[in-house]
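I have placed the structure first, in the form of structure tokens, so that the comments after it can refer back to it.
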Protein chains: 2
Amino acid sequence: MAKVSKNSSAEKRSAHQEQLIYERIFDVILDQKLAPGARLTEEALGEIFGVSRTIIRRVLLRLSHEGVVEIKPNRGASVTSTPVSDVDQYFEARRVIEGAIIRMAAGRASDYEINDLRSLIGEEKRYYESQTRGKGLRTSNEVHFRIAALAGNEPLADVARQLISRTALIISQYQDASQSACAYCDHTALVDALEAGDPDKAEHLMVEHIDHIRHTLHLSEESAPIDLFDIFSDDGEA
Amino acid sequence: MAKVSKNSSAEKRSAHQEQLIYERIFDVILDQKLAPGARLTEEALGEIFGVSRTIIRRVLLRLSHEGVVEIKPNRGASVTSTPVSDVDQYFEARRVIEGAIIRMAAGRASDYEINDLRSLIGEEKRYYESQTRGKGLRTSNEVHFRIAALAGNEPLADVARQLISRTALIISQYQDASQSACAYCDHTALVDALEAGDPDKAEHLMVEHIDHIRHTLHLSEESAPIDLFDIFSDDGEA
DNA sequence: AATATCTAAAATGTATACAATCTTATTTTA
DNA sequence: TAAAATAAGATTGTATACATTTTAGATATT
């Protein structure tokens with residue numbers, strides 16, 4: 001007579017389901033399996049992930065609020081293509097914000113947090129060496145996320161996260177797969193400065209690092225149409 | 001509950017409809033007609049604006065992405081209540097970002113843009129003198145938005161806008177209606193520095209200004225439940 | 001009277017139906 | 001043949017139905 005408890009495993013999943021779909025789509029974009037400009041149709045995605053358009057719509061809306069996807073009225077969503085002319089602005093924004101952030105973070109990090117960062121950078125190094133580009137890029141982002149968190153200012157960390165994600169999209173659009181930017185070298189130096197509690201050096205290294213990434217980009221126009229089913233059915237991510 | 005849809009006049013402009021609802025809800029929050037913590041139920045809002053829950057849901061989702069509203073699973077949306085402990089972080093974030101922005105903007109503004117700003121500040125002054133608090137606060141935001149745009153860096157202006165909107169919510173939560181912060185005095189000085197092309201002075205004034213606003217806040221806990229229909233049916237603006 | 005349990009109402013979560021709009025292929029016309 | 005008109009298909013826009021969950025009130029129990 002009481003409530004019939006359904007299989008809770010399926011229900012638990014539905015809570016995270018949206019998040020999983022969100023990450024999956026973002027990952028595919030960063031892996032350059034979906035080029036900028038590629039259209040994301042609601043029904044196709046719904047079939048792929050086994051949910052209705054309602055859920056997909058929410059995910060696309062979130063991605064559009066983050067600037068990863070563009071939604072035009074009656075046209076639907078497509079991967080954001082950043083014009084060459086906008087690229088430098090994003091990197092300048094990152095220099096300003098992440099420069100200020102790492103200055104605030106310098107000396108604040110505990111030994112535990114520093115160790116955590118170093119092991120993350122180790123992971124990053126492995127991904128880059130094993131040529132798994134997408135994973136490497138996301139891990140690199142994670143390093144920047146963690147540093148942002150160390151500053152102890154949640155709103156600032158939040159806007160930093162946005163810019164970092166958005167920049168990742170730009171990098172995946174303009175960086176050659178071969179030229180993987182050796183980010184982990186720079187990252188190690190950054191963490192050293194953090195540990196030493198040297199704000200000036202930390203800021204300087206961060207600005208140089210962001211500048212360095214910017215200069216690995218080849219700013220030329222390109223595009224490549226793709227089929228949604230192929231991309232999501234075959235996960236190239238070991 | 002009568003299902004009478006109260007179509008005011010914005011029935012056919014379905015393209016802008018969502019935007020209008022968004023602004024209407026945000027305005028009501030800034031006017032303190034909806035206190036932090038107040039619940040926003042989808043069906044009630046749908047009836048008020050004469051649309052289905054589908055549209056309301058999109059608006060609430062957008063507001064939640066901007067941090068104005070909090071959505072909890074199975075609980076729906078409620079106006080974000082910022083803990084006292086978080087307030088200073090938001091203002092610090094604004095000092096960092098808007099400080100950098102106005103530095104970039106100094107000397108870049110055309111005569112036309114400067115004049116535009118001055119007339120906007122005039123408008124602001126009138127609103128404050130006529131005690132229309134909500135309008136005054138929004139106009140004040142607009143001044144900061146415009147300055148952010150002058151820096152010529154869209155991504156930075158974007159994160160600035162987010163923080164400014166979010167801070168407006170905080171101000172409406174913690175500032176006494178009487179103490180209206182005389183923002184337009186500071187703003188005039190800011191524009192003078194912009195026109196003179198003095199980055200150091202402009203930055204200094206901006207930091208002081210933001211600090212000044214922060215110090216008009218009375219950081220104590222409060223709350224007040226309200227009825228949605230009353231609020232939206234009677235527009236206290238004018 | 002206080003607490004616990006159960007039931008009804010209300011709100012959100014999701015899917016789906018149908019309308020409006022855009023896209024594409026085909027046919028018509030000059 | 002090329003351009004324009006048109007019709008068929010695909011895609012998004014919106015409303016609504018139904019399921020699930022929460023909330024609140026009533027009833028029962030100690």
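Predicted, not measured: the structure shown is a model, and the values here were computed from it. Computed over heavy atoms, backbone and side chain alike; hydrogens, waters and symmetry mates excluded.
The pair Asp158(B)-Arg161(B) counts as a salt bridge, with a side-chain nitrogen and a carboxylate oxygen less than 4.0 angstrom apart. For Arg146(A) and Glu142(A), the salt-bridge test passes: some basic side-chain N is under 4.0 Å from an acidic carboxylate O.
For Leu45(B) and dA11(C), the CG to C1' distance is 12 Å, given to the nearest whole Å. Nucleotide dT16(C) holds its C1' atom 14 Å from the CD atom of Glu47(A), rounded to whole Å. Following rounding to the nearest Å, Leu61(A) (CG) and dT12(D) (P) show an atom-to-atom distance of 13 Å. Atoms CD (Glu43(A)) and P (dT11(D)) sit 7 Å apart, rounded to a whole Å. For the pair Lys72(B) NZ and dT23(D) P, the computed distance is 10 Å after rounding to whole Å. As rounded to whole Å, 11 Å separates atom P of dT16(D) from atom CD1 of Ile55(B). One can place CD1 of Ile56(B) at 15 Å from C1' of dG13(D), the figure rounded to the nearest angstrom. At whole-Å resolution of the value, CD in Glu42(B) and P in dT21(D) are 17 Å apart.
Annotation: of the two residues near DNA chain D, Ala77(A) and Thr54(A), the 5′-most nearest-nucleotide partner is Ala77(A). Comparing Pro73(A) and Gly50(A) against DNA chain C, the residue whose closest nucleotide sits nearer the 5' end is Gly50(A). DNA chain C is contacted by both Ser52(A) and Asn74(A); Ser52(A) maps to the nucleotide lying nearer its 5′ end (nearest heavy atom per residue).
One distance of note links CD1 of Ile213(A) with CD of Gln175(A); it measures 8.0 Å at 0.5 Å rounding.
Distance from the side chain of Arg39(A) is smallest to dT11(D) among dA15(C), dT12(C), dT11(D). Between dT12(D), dG13(C), dA15(C), one nucleotide has an atom nearer to the side chain of Arg53(B) than all others, and that is dG13(C).
Backbone-only contact: Arg75(B) has heavy atoms under 4.0 Å from sugar-phosphate atoms and none from a base.
The two residues Leu40(B) and Leu45(B) have their closest heavy-atom pair at CB-CD1, 3.9 Å.
Shown here is Glu43(A), whose CD atom has no more than 12 heavy atoms of other residues, nucleotides or ligands within 6.0 Å.
Considering only side-chain N and O atoms, Arg58(B) lies under 4.0 angstrom from the phosphate OP1 or OP2 of dT14(D).
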